[in-house]
Every structure is written in C-alpha cells, then in structure tokens.
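In what follows, chains are A, B, ... by sequence order, proteins preceding strands, each numbered from 1.
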Amino acid sequence: MIEIEGLSKRYGARYAVRDLTFSVRPGRVTGFLGPNGAGKSTTMRAVLGLDLPTSGRIRVDGRSYAALDRPLTHVGMLLDAGGVHPGRSARQHLRAVAAAGRLPERRVEEVLARVGLTEVARDRVGGYSLGMRQRLGIATALLGDPGILMFDEPVNGLDPEGIRWIRDLMKALAAEGRTVFVSSHLMSEMENTADHLVVIGRGRLIADIPARELIERYSGGFLSVRTDDPGRLITVLAAAGAQVTPEGADTVRVVGLAGDAVARLAHDAGVLVLDVVRHATSLEDAYLRLTDAAVEYRGAGA
Amino acid sequence: MIRSEWIKLWSVRSTWVALYVAAAGTIGLSVLYALVAKTGDVEPTDALQGAVFGQLAFGVLGVLVVSSEFTTGLIRTTFATMPRRRVVIGAKAGLLFAVLVVAGEVLAFAGFITAQILFAQRGVRFSLADHDMAISVLGCGFHMAFIGVFGFCVGVLLRRTTAAVSTFFGIVFVAMGVIPALLPNTVRSEALKLTFAKVGEAMATPARISPRMPADHVLSPGAAWGACLVYLAISVLAPLLVVTRRDTN
C-alpha cells in the first residue's frame with residue numbers, strides 16, 4: 001500500500017508534481033498514466049526517497065520510506081534506465097544488491113530462475129539485449145520478495161513477446177496479493193493489464209478510477225441517429241436504458257446502445273430510422289481527451 | 001553495506017586495470033631508475049617517483065567507483081536499498097581507502113625493494129633499515145591512497161565520469177602546478193608547499209640525503225602528514241555533506 005498525500009515537487013519555478021493525493025492498493029495492478037513530463041517518474045522516485053519532495057507526505061506500508069527496515073522487503077522497483085553497471089554480471093549485480101539490502105544470498109538464484117536468466121547469469125550485462133536487461137531489472141525488483149512493486153515504463157522498447165511476458169508477470173504479482181504500480185504514457189499498454197488507473201497531467205491528478213469505469217465513461221463512442229420522430233425515439237431509447245440527447249432538428253445522440261438495438265426498438269415503436277452514424281472512441285481517445293488540457297509539451301501544429 | 005561495496009568493487013574490470021596500471025607505473029619507474037641512475041649520486045627515495053602513476057590510476061579508480069553508479073543509474077537502486085545515504089557513501093569511501101592503503105603500501109614497498117635489489121647488483125647499497133627510509137616508503141604509499149580518495153570526492157560531487165575525471169586531473173596535475181606560480185611572491189612558496197604533489201614529496205622523502213635546492217620548498221614530514229590527513233578528512237566529509245541534500249535522478 002502506497003499513500004501519497006499532497007505531494008509537490010518543484011524544480012526552480014516549475015512544479016513537476018503539484019498537490020498530488022492518491023493511494024495504490026494491494027491485489028491489483030494500478031496503472032499510472034500521463035503524457036511525457038506529467039510527473040510520473042518524479043512521483044515514483046519520491047516514493048523511494050530518491051527525490052526529496054518540496055512538500056507533502058508519502059507512506060509506504062504505513063511508514064515513511066526512510067523508516068522502513070530493509071526497504072527492499074517492502075518495495076521493489078524497476079526504474080526506467082536499467083540501473084546496472086554494464087561491466088558486471090547479472091549474478092554479481094544481484095549479489096551486491098542483496099548484500100546491501102541484507103537479503104539472504106539464496107534469493108539471487110531464486111529471482112534469476114523466476115525471470116529466466118540463470119543460464120546467462122555469469123555474462124556481463126553490457127552484452128545483454130534490452131529484453132534481458134529488463135528481466136534483470138525485474139529480478140532486482142523481486143529480490144526482497146516485496147509486497148509492493150513499482151515499474152516505471154516497463155515495456156518501453158520491448159518486443160511483443162517481452163511485453164506479454166511483463167504483462168503476465170504484473171498480473172501474476174497482483175494475483176499474489178501484491179501492490180503493483182506501473183507507469184506508462186500509453187493508454188493502450190494499460191488496456192489489458194491495469195485494474196485501476198491513476199491519471200496525471202502537468203503534475204496534477206486528473207483521474208483515480210477503476211479501469212472499467214474509465215472505459216465505460218469515456219470510451220465506446222456514440223451513435224448519431226437521424227429519425228422522423230426525435231421526441232418519440234428519445235423516450236423509447238431512454239426507457240431502454242440509453243443516454244439520449246438531441247443533436248439537431250432530426251438527429252439524436254445515443255450512448256449505451258448498439259445500432260441494431262436502436263433499429264429494433266425504433267421499429268417496435270413505429271419510428272422510422274433514416275440514418276445511423278457510429279462515432280467510435282477508443283480508450284486511447286478517451287485518455288487523450290482526458291489529458292488534452294494537461295499536455296505540457298505539444299509539438300507545433302500537432 | 002561494506003560487503004555489497006566489496007562485491008561491486010571487484011566485479012568490474014576497471015578496478016583491476018587501475019591496480020595494474022598503478023603497479024606497472026610505480027614498480028616500472030623504480031626499475032628504470034635503478035638501471036639508469038649514476039652510481040655516484042643515487043638518491044634511494046627517487047626510486048619512488050613512479051608513485052605519480054599510482055596516484056593517477058588510484059584517482060581515476062576513486063572517481064569511477066562512484067561516478068559509474070551515478071552514470072548507470074545503479075545509485076538509485078543503491079539509495080533505495082539503503083535510504084541512509086551517508087552509510088552508503090561512508091562504506092564506499094572507507095572500503096576504497098582501506099583497499100588503496102593496502103595497495104599503495106604494497107606498491108611503494110615493492111618498488112623500493114625492487115630498486116634495492118637492482119642497485120645491489122651494481123654495488124649501491126641501501127635498505128629500509130636506513131634512517132627514515134621505512135617512513136618515506138610508508139608516506140609514499142599513504143599519499144597515493146589519499147589521492148584515490150580525493151578522486152572519489154570529486155566523483156561524488158560531480159557524479160559524471162568524464163566531468164569528474166577531467167576535473168580530477170585539472171586540479172591535481174594542472175591547477176596545483178599553475179596557480180601557485182600566479183600568486184604574489186610572499187605567499188607563493190607557502191602555497192606551493194601545500195599542493196598535493198609537494199605534500200606527497202615531503203611524505204616520501206624524509207630519508208633524502210642530498211640537500212634540496214634553495215628554491216625547492218617542502219613541508220617538514222610531520223607537517224606534510226598533517227596536511228595529508230586534513231585533505232583526506234575533507235575528501236570524505238564533503239561527499240557525506242552533499243549526498244543527503246540532492247535528488248537522485
């Protein structure tokens with residue numbers, strides 16, 4: 001469990017994160033979404049005590065990070081840029097981290113096996129592929145068998161197989177009852193993984209809702225239905241549970257019903273449907289609309 | 001924490017390379033001196049002049065020990081693993097110094113004894129039992145270790161390998177040679193005495209036989225050891241002070 005309360009981080013005159021409050025709960029994958037520069041990495045580093053907050057409070061398992069005994073047994077992290085000396089072997093790297101974290105040496109072999117690096121554990125990390133490095137980063141995160149795992153942009157640059165491996169792993173870790181907190185700037189990456197979403201933009205909280213709710217609220221699109229009797233159609237469709245609003249003189253906007261259902265209901269009510277135009281909205285679109293106002297770095301003319 | 005740093009130190013090649021370079025330079029120059037010096041005016045402590053290569057290699061090693069962690073991002077894992085950063089830096093500095101003192105003394109004594117053996121073949125005899133000779137060799141090795149810790153200090157302050165290595169060279173081998181020459185006469189000789197090179201010279205030459213030139217100012221051996229210890233303390237304290245005040249991104 002991570003509790004963030006009123007977190008602000010200022011660099012000079014610019015706020016990277018401003019008055020951010022949310023919690024990350026165990027047993028599910030929480031996606032941490034926001035455009036590049038929204039403050040995701042800053043927030044994650046602040047949780048680990050790496051960035052010193054300008055103000056606000058962060059609790060990890062009810063305590064401040066610095067007060068944790070053997071922090072690696074509480075939180076494991078995969079931070080974006082690898083964080084391994086290329087001249088060291090995977091096994092030596094893990095042994096050094098285990099020693100610093102006062103973890104039993106046998107954990108090294110256990111995590112190597114879990115991420116499938118046992119056979120190359122003696123090789124220098126400099127010769128690893130990006131996917132192997134990412135696995136080593138995850139092995140490092142798992143070393144203390146922590147209840148909380150934080151992954152900063154874990155699928156960046158990975159091939160499809162690597163992406164699926166990480167997704168499955170995150171789901172498995174959450175199913176084991178752990179807190180999984182994973183950042184991304186792409187909604188599509190979260191679509192099949194996250195149970196809950198925290199969305200930030202320009203350092204501020206935009207949404208903190210279950211993923212399903214975001215999908216229901218913002219995606220699925222709507223239908224523009226042209227008809228000879230808008231008033232009657234609105235009554236009929238609303239009675240069937242759809243959200244219906246007038247869009248023009250002879251057109252209504254329908255959310256929550258598919259085209260065939262609209263046609264059938266209209267037919268039964270004796271209303272003529274003249275035209276149905278489907279406006280699809282993907283989760284990606286929903287996310288973009290959600291963060292649109294908050295995008296900080298926008299390309300000229302984009 | 002020390003154990004972790006021990007694993008890190010010996011699991012990268014740069015540590016071994018630095019020690020080999022230091023050994024080759026230090027002992028190599030002892031051999032060279034023993035082969036070319038005129039038997040009439042042998043100055044045994046001059047056999048230790050290769051220590052400057054040891055200083056150079058140790059300094060780079062000192063920089064790398066910490067800057068490689070900042071450059072690769074490993075430092076974030078390290079600090080997240082041990083949030084009390086001063087413990088991390090203290091362990092690093094302590095282990096580095098311990099290793100370099102041992103290595104520095106081994107090289108200094110090895111260089112000296114190599115020269116002693118070679119000179120003996122040519123009929124020139126001296127030994128560690130001579131007046132002040134052992135303390136000269138000891139001072140030479142200790143000063144090498146100090147320069148390594150100074151490199152570490154620069155590494156923590158600047159965090160980037162290239163910046164730290166060039167700054168280290170700039171200070172130790174350039175600025176300290178040039179700046180005293182620019183100072184007014186009244187303070188020049190005092191400033192010169194306090195440069196790392198002259199402190200090292202004073203520590204490594206208490207056994208010197210031939211008189212120095214009048215313009216050659218060095219501290220007394222005791223004062224030089226004192227200055228070296230003060231520099232060493234500053235080189236450890238400065239990193240401890242800055243490391244808790246900065247973000248680690």
**OP:** Please state whether the side chain, the backbone, both or neither of B/R85 comes within less than 4.5 Å of a heavy atom of chain A.
**Re:** side chain
Subject >> A/L52, part contacting chain B, at a heavy-atom distance under 4.5 Å >> reply: both
**OP:** Using non-hydrogen atoms and a 4.5 Å limit, figure out which bit of B/R13 sits close to chain A: side chain, backbone, both or neither.
**Re:** side chain
**OP:** For each of B/V88, B/I2, B/L74, tally heavy-atom pairs with chain A at distances under 4.5 Å, and name the one with the top tally.
**Re:** B/L74
**OP:** Answer yes or no: are there more than 12 heavy-atom neighbours, outside B/R246 itself, under 6.0 Å from its atom CZ?
**Re:** yes
Subject >> side-chain hydrogen bond (donor to acceptor under 3.5 Å, both in side chains), paired with B/S11, selected from A/H93, A/Q92, A/R88 >> reply: A/R88
Original post:
Considering all heavy atoms of both residues, which atom of A/G83 and which atom of B/T77 are nearest to each other, and what is their separation?
Top reply: O-OG1, 4.4 Å
Subject >> Part of A/T42 within contact of chain B (heavy atom distance under 4.5 Å) >> reply: neither
Subject >> Nearest heavy-atom neighbours spanning B/F79 and A/L50 >> reply: CB-CD2, 3.7 Å
**OP:** Please state whether the side chain, the backbone, both or neither of A/R124 comes within less than 4.5 Å of a heavy atom of chain B.
**Re:** side chain
**OP:** For the residue pair B/T72 and A/V84, establish whether any side-chain heavy-atom pair is separated by less than 4.5 Å.
**Re:** no
Original post:
What is the minimum heavy-atom distance between A/A100 and B/M1, and which atoms define it?
Top reply: CB-CE, 3.7 Å
Subject >> B/M82 vs A/R70, side chain to side chain contact (heavy atoms under 4.5 Å, CB included): CA-CA, chis, key distance, verdict >> reply: CA-CA 8 Å; B/M82 170 48 84; A/R70 299 201 299 161; over 6 Å; no
Original post:
Is atom CD of A/E105 surrounded by more than 12 heavy atoms (other residues, nucleotides or ligands) closer than 6.0 Å?
Top reply: yes
**OP:** Considering non-hydrogen atoms only, spot the tightest contact between A/V97 and B/S4 and give its length.
**Re:** N-OG, 4.5 Å
Original post:
Do B/R76 and A/L48 have side chains that get closer than 4.5 Å, going by heavy atoms?
Top reply: no
Subject >> Part of B/T244 within contact of chain A (heavy atom distance under 4.5 Å) >> reply: backbone
Subject >> Residue among B/V87, B/V12, B/T71 with most heavy-atom pairs under 4.5 Å to chain A >> reply: B/V12
